[in-house]
Q: 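This is the structure I have questions about; it appears just below.
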Amino acid sequence: MESLHTPIEKKSFGLNKLWAVLGAFVLLIPEYAHAETPDLPIDTGTTAWMLISTALVLLMVPGLAMFYGGLVRTKNVLGTMMHSFAAMAIVGVLWVVVGYSMAFGPGTGWAGWDWDFFLLRGIEDKLMEIEVNGQAMAIPWLVFAMFQGKFAIITPALISGAFAERVRFKAYCIYIALWSLLVYVPLCHWVWSSDGFLAGKAIDFAGGTVIHISAGIAGLVAALYLGARRGYPLTAMHPSNLVMTMMGAGLLWVGWFGFNAGSSVASGLQTAQALTVTQVAAAAGAFAWILIEAIHHKKATSLGTVSGILAGLVAITPAAGDVTVVGAIALGVIASIICYFAIAMKNKLGYDDSLDVFGIHGVAGIVGAIGLTFFLRGAEGRPEFGTQLWYQTEGVMVSLGYAGVVSFVLVFVIDKAIGLKMNDEEQMAGMDHSIHGEHAYGMLNLD
Amino acid sequence: MESLHTPIEKKSFGLNKLWAVLGAFVLLIPEYAHAETPDLPIDTGTTAWMLISTALVLLMVPGLAMFYGGLVRTKNVLGTMMHSFAAMAIVGVLWVVVGYSMAFGPGTGWAGWDWDFFLLRGIEDKLMEIEVNGQAMAIPWLVFAMFQGKFAIITPALISGAFAERVRFKAYCIYIALWSLLVYVPLCHWVWSSDGFLAGKAIDFAGGTVIHISAGIAGLVAALYLGARRGYPLTAMHPSNLVMTMMGAGLLWVGWFGFNAGSSVASGLQTAQALTVTQVAAAAGAFAWILIEAIHHKKATSLGTVSGILAGLVAITPAAGDVTVVGAIALGVIASIICYFAIAMKNKLGYDDSLDVFGIHGVAGIVGAIGLTFFLRGAEGRPEFGTQLWYQTEGVMVSLGYAGVVSFVLVFVIDKAIGLKMNDEEQMAGMDHSIHGEHAYGMLNLD
Amino acid sequence: MESLHTPIEKKSFGLNKLWAVLGAFVLLIPEYAHAETPDLPIDTGTTAWMLISTALVLLMVPGLAMFYGGLVRTKNVLGTMMHSFAAMAIVGVLWVVVGYSMAFGPGTGWAGWDWDFFLLRGIEDKLMEIEVNGQAMAIPWLVFAMFQGKFAIITPALISGAFAERVRFKAYCIYIALWSLLVYVPLCHWVWSSDGFLAGKAIDFAGGTVIHISAGIAGLVAALYLGARRGYPLTAMHPSNLVMTMMGAGLLWVGWFGFNAGSSVASGLQTAQALTVTQVAAAAGAFAWILIEAIHHKKATSLGTVSGILAGLVAITPAAGDVTVVGAIALGVIASIICYFAIAMKNKLGYDDSLDVFGIHGVAGIVGAIGLTFFLRGAEGRPEFGTQLWYQTEGVMVSLGYAGVVSFVLVFVIDKAIGLKMNDEEQMAGMDHSIHGEHAYGMLNLD
Amino acid sequence: MKLIIAVIQPDMLNQVRESLVAAGITRITVSRCTGRGKATDEETLYRGQTVAPTLIPKIRLDIACNDDFVDTCVQSIMKAAKHGEKGAIGDGKIFVVPLEQVYRIRTEESGGEAI
Amino acid sequence: MKLIIAVIQPDMLNQVRESLVAAGITRITVSRCTGRGKATDEETLYRGQTVAPTLIPKIRLDIACNDDFVDTCVQSIMKAAKHGEKGAIGDGKIFVVPLEQVYRIRTEESGGEAI
Amino acid sequence: MKLIIAVIQPDMLNQVRESLVAAGITRITVSRCTGRGKATDEETLYRGQTVAPTLIPKIRLDIACNDDFVDTCVQSIMKAAKHGEKGAIGDGKIFVVPLEQVYRIRTEESGGEAI
Ligand SMILES: Nc1ncnc2c1ncn2[C@@H]1O[C@H](COP(=O)(O)OP(=O)(O)O)[C@@H](O)[C@H]1O
Ligand SMILES: Nc1ncnc2c1ncn2[C@@H]1O[C@H](COP(=O)(O)OP(=O)(O)O)[C@@H](O)[C@H]1O
Ligand SMILES: Nc1ncnc2c1ncn2[C@@H]1O[C@H](COP(=O)(O)OP(=O)(O)O)[C@@H](O)[C@H]1O
């Protein structure tokens, strides 16, 4: 993904005066300046694809809610889905207020900042330059900010699978708000902002290090710190609704096209390549997992199939713009194999990463980030194999290290301050009853 | 949304001769004329976005079926979902036969008409002029007619939540057919057709007055006239499947991007602005509702969260092309607060707007239509604040008054003529059994 | 759909050398050549629409899984959904490896082949010429290959409804792999490849003969050969979850816009026409089925409504680019009527096409393929009515004959070799338990 | 004390409950089940065709009551659960089982007053 | 009269019902439940791993029959509900409870002929 | 032998089961039901409003045990199923029904040892 976009202002920006003054006064925020920039034509095709990509990535959030919601026990379904929906609400607001500014504003250190990006007020009328068929064209800047915002929403939602069925809602809300500002936004800045220190080195097309590895390690850290659900692993915890998990997987697959192919910020050749390898890796991942289970257990399960889909999709995410079709098949297959054994190992180690956030997102993210080096499509200006491999490893280590440490601090502080984990009674009664006062499936009992 | 589009014919229209003659003869309809018009190039980008917007708005109909279906009791799930599906079938056909012609044909009074639009036969090959980067381009006229058709489908489906669990299917079908021709089509003509008497005055970007307020008041009137469900409010009526309601809310959010951003009939700056404020208002609405419940009840519910999403989405609908990001946050928050108390008041008043069609769509629609005046993005040629405020109020009052009165007449006449409300036995047995002869969740009993 | 696309290479293709050599060596496959071709500009709008169409068609696969999954008994839900998901995995991989090359490679006989298409390696950087507003433009070749790949995935998944609840997973996987290579790919080649022997004769815009008729007859043959489910028809087999079936129908409708309108490989007038008639035929089909049931049984069912939607969608599929709106209404209505009676007849004949694959896809496919002749939009160069009718009939007969015979051989051979049908014990216990070792709805029992 | 177990048609649940409440019996436990008695065919439409289900969805009521209430209870159910004057096949059955002891968890009462 | 309550494995429902029908017992009420007897582990795969469930899905049958049918009924169930020759842990239990009275709602008959 | 039928609040299922296991009673059959006892209102939120449900979701336990275990069993349930010290309306009921015979399907054992 290109990360340097020259801002172009289309026409004079006119926030309602009253509110501007009021806002500026009350919030003590400076007026923003905006430079005059040349008037580039909007490319409606690219704009259309970026708009729909944004919608597709949002579709992944209810898709994730369904995926996770189907895997937990009946008494925790709504609480689990609320984890994804809360991310839509909380990060959805945070991102436009400060998140985008921190992630994509100028600044070379921990994060950036640009008062123009605060509340997106400076870019509402601006255009972002893109190249179409060698010519300078533009897309509305907002669509880029929104597309990126969907990534910011889904990442903390991914984590929630690791401590499913045992966290308090209020503490969870605070956790994801802080996590998104203190972990996601900096990583995003480092990798995708033009002055980020990893920019132009590690290839991370659509978010292997920024999204999946960081969410994976955050989940692992939280699962280890919080400890297992009451009863785990002695008591088996059966999925309440594998059918919904499959539906969710279907929506995730569809949404992932927007996730990966939209990350080209174009509607051209690389977009099509990204869509293609996404499709291929998902199919290959599912195919491989089905085969592994068929060989290992003589039974291919539906949960295995959707796990393979996810493994393939995660692995191809950092690689989607840069690997060949053969590489996509390879990454999908390898990711499934390694994730399969990672989950087997988790079960041996006995910690409770309930829905295998690290086992799928962390592991497949690492497989993809490192593995892509072996399957790169030739392109001008690529560093040598060894150099690239080092860049990728560096990216993975930075993500694991930074996200791991900060996530730990967050979990620790929030837990000490207000209690992150549900107590035994709450866990036994279930999140839906004890936290939300609701009942997921009224139909199960008579009404 | 621009409402004046010059018709441009692309190439000579060739309906199979036999059928044309036969059709004309049998139906006694005049041949249609078509003027020769210049040949503008099609903008594939805008066309792509309008096509996908059309698909996204259709996605909202099953989304609504899921949203509503999850909120009713188990014995009424299929019947409730059928209300949305019947709208797809009935209004889907009506719209192409006469609806589009009445809504967008020339005519300054109650509705318009154009024989060319009858059965869409005169526009199958025609183009509609749009402006792209200051140049005249075109999109296929049909895509505009189809996009508008999806709005016509979803509006009566929205109403069905107000009298859920207690209307007969046949009478309901007749009701929505007549409602769509006698209420929706005129409102649509007045606000969005170039010669509508509200056109160019009230800002109603994507359907606050035309869609949500009219559906809300129609629901209220029907709920008041028909009276409550048997047992209400003594007997609590629990949602059968809140999980499905959440899924439905997710699909509605995604589809709403098409609804609002597609209403720009473009793929450019305003499209991106509409998408952005839609996203932001939904998040802010959900966020606010979660907070209100957390403060008021110490528990945030999933139903509250999705209600907040809907409130935010409805409120931003009329405003989507014209307010700032800050305005979107404000409208989302205000809509949630007011809807929350409107529903509390409904419960005190004791009437049975079963799924809160007025409480959400009516109220948030009014909040959005009036409230947008305070958050308008500066633009040339806007009337003064006071004038605009009056225009908006006028639009709201026209919608409330006209839709209210005609809806009442419809409900009254249909009820007297063939009986709209299910009798006690039918209600006790449930719609699925007594009206459709089916059983929603066979899995609940053993098979 | 245009079937002749001149290949254009964009920039020199650079597969990682190591892998190229390794791959070539290990697999003994020749290096591929690629001609230098002129550099056409990419049309971002068409590309955007084709990308999203690809995503929409993929959405149909989980949609189909939901549709079918809701219709079977609770003990077979996961197994039934796995049939669709397995197609995503298996055909998803097969298509990129050899399928595309066989279907769209040059060759005039049974199938084509092009080493450049093997693993898509020769087209990763190539463009495909399209015409936009009379000018030569291009889309990335890959997006066409992927769009077509989704068709290849969904076709075998359709068949699975015919032998639902009674086939072994492993044998099913082998069956669809072979079926897709031996039935789908040749038909696709004959009808849609530029040198296919039916190309330019039979109109099959989006797959009436290639997809629905072939899947329908394959299902019929398999249902007849395998025999009924244990207990059928004495024991009634109730749908486990009609609610999910309705959701699935909603997703299918939405996805079908990509299916049909995407088949124009454009984002222009014909695209809009295809989308319009798709919408209209679905609505008309549903409308007709509701009416028939209301007249015949005094009750309109939800299953009838969604069956009508499907019948309308299937019938319009071959016709979507070429019939008028009036024709779409007619085809939708006629398809519903004929399918309704076809299913009634099936019930009399007593064979067990469990989810009516032939009754809906086969029959409505034939209705559409033949019936479109009567409703063609005028266009230059169309053959005479009689000639076209013969072409259509020829296409139907080729599809019925070829797919019927080869499907029979496949079912026969696989059944004799490894056993395709589940034995009585397995059927009684259900697929989920006996084949996949899982339990679809944990929530039904207590956890 | 007796435990009365009634299996009725799902569409009659509300009628039966109201009839019981009218007779002063409000305490009840309800659950879903399927069953087969003499019932042959229920009219259920499968894609427009009428099919005969094997196990038919039913509702099960469990009511514990003191001996002098048994008759009232049985009569109330019987009256309300019937389809039409003459009843219909599938309308259900009532089973009466002896009940030796009852405890109210909240108060730890037992015996007749705990019912 | 007795009320026979059997808890069996879900995958054996069809076998048991056919065995009962073969023995002339068609009337039955069936419901879902979960349970735990001596059962330790059922082989269920969770993401490729074998896990031990706590409450295991089961099917409950309720059959009211006259005294002379009790043995036939119990034997039919026992024969059909077993996994393999020797049976497997988790195959279930049969409970026999006295049944004092039965009413057929449709006809208001009672006693043995109403069963 | 007795069949103990307990109807409890769903959020107490785990507590009750653990209490039973602690008392040495592991065999159990559990199912969903809804019910109404003296219970009036459970606090359930419907779009932010507190509503009173009619039939309230409950859990039903069926436990067969030998006579000398009845008291232990009842006490274990009673102790664990209560909300708070004083119990709350809706906490449930326990019914004790005579059990004449038990069969273990796997071994075809019967009587007290089969329980
Ligand atoms: N002997 C029995 N044992 C258990 N359940 C029974 C018995 N007889 C009837 N039932 C239950 O009662 C339901 C209704 O029975 P029904 O068909 O009305 O009986 P009948 O035709 O004898 O009046 C059945 O579906 C079944 O669930
Ligand atoms: N004493 C009991 N009380 C209630 N239910 C029981 C009892 N014993 C067994 N069950 C039920 O029977 C089912 C099967 O028991 P099972 O494990 O086969 O028993 P066993 O190992 O003693 O043969 C259990 O899941 C449970 O639902
Ligand atoms: N007499 C009864 N017969 C059947 N079920 C009963 C009876 N009394 C109570 N129940 C069941 O027990 C549940 C809890 O009863 P509860 O409200 O706690 O009773 P109480 O207020 O008398 O303590 C009820 O929901 C119902 O399912």
Q: Quick one: pull up OG in F:S31 and CZ in D:R60 and give me the separation to the nearest 0.5 Å.
A: 8.0 Å
Q: With the threshold set at 4.0 Å, does a side-chain nitrogen-carboxylate oxygen contact exist between F:D91 and D:R104?
A: no
Q: Among the options D:E100, D:R17, D:E108, pick out the one with the most heavy-atom pairs lying under 4.5 Å from chain F.
A: D:E100
Q: Rounded to the nearest 0.5 Å, how far does CG of D:N14 lie from CG of F:L55?
A: 8.5 Å
Q: Quick one: pull up CD1 in F:I5 and CG in D:L99 and give me the separation to the nearest 0.5 Å.
A: 8.0 Å
Q: Is there any residue in residues 76-84 of chain F with a non-hydrogen atom under 4.5 Å from a non-hydrogen atom of chain D, and which ones are they?
A: F:I77, F:M78, F:A81, F:K82
Q: Applying side-chain contact (heavy atoms from CB on, under 4.5 Å), can you list everything that pairs with D:N66, at least two apart in sequence or on another chain?
A: D:M1, D:D68, D:I115
Q: Once rounded to the nearest 0.5 Å, what's the spacing between atom CZ of F:R36 and atom OG1 of D:T26?
A: 8.0 Å
Q: For chain D, which of F:C33, F:A6, F:G92 has the most heavy-atom pairs under 4.5 Å?
A: F:G92
Q: Indicate yes or no for a side-chain donor-acceptor contact from F:K93 to the backbone of D:A114 under 3.5 Å, with no hydrogens or angles considered.
A: yes
Q: Which atoms of D:V102 are under 4.5 Å from chain F, going by heavy atoms: the side chain, the backbone, both sets, or neither?
A: both
Q: Could you state the interatomic distance from OG1 (F:T34) to CD1 (D:I59), rounded to the nearest 0.5 Å?
A: 8.0 Å
Q: Of the backbone (N, CA, C, O) and the side chain (C-beta and beyond), which part of D:L3 lies under 4.5 Å from a heavy atom of chain F, both, or neither?
A: side chain
Q: Measuring heavy-atom distances to chain D, does F:V74 have an atom under 4.5 Å in its side chain, in its backbone, in both, or in neither?
A: side chain
Q: Looking at side-chain heavy atoms only, is the closest gap between D:Y103 and F:V96 below 4.5 Å?
A: yes
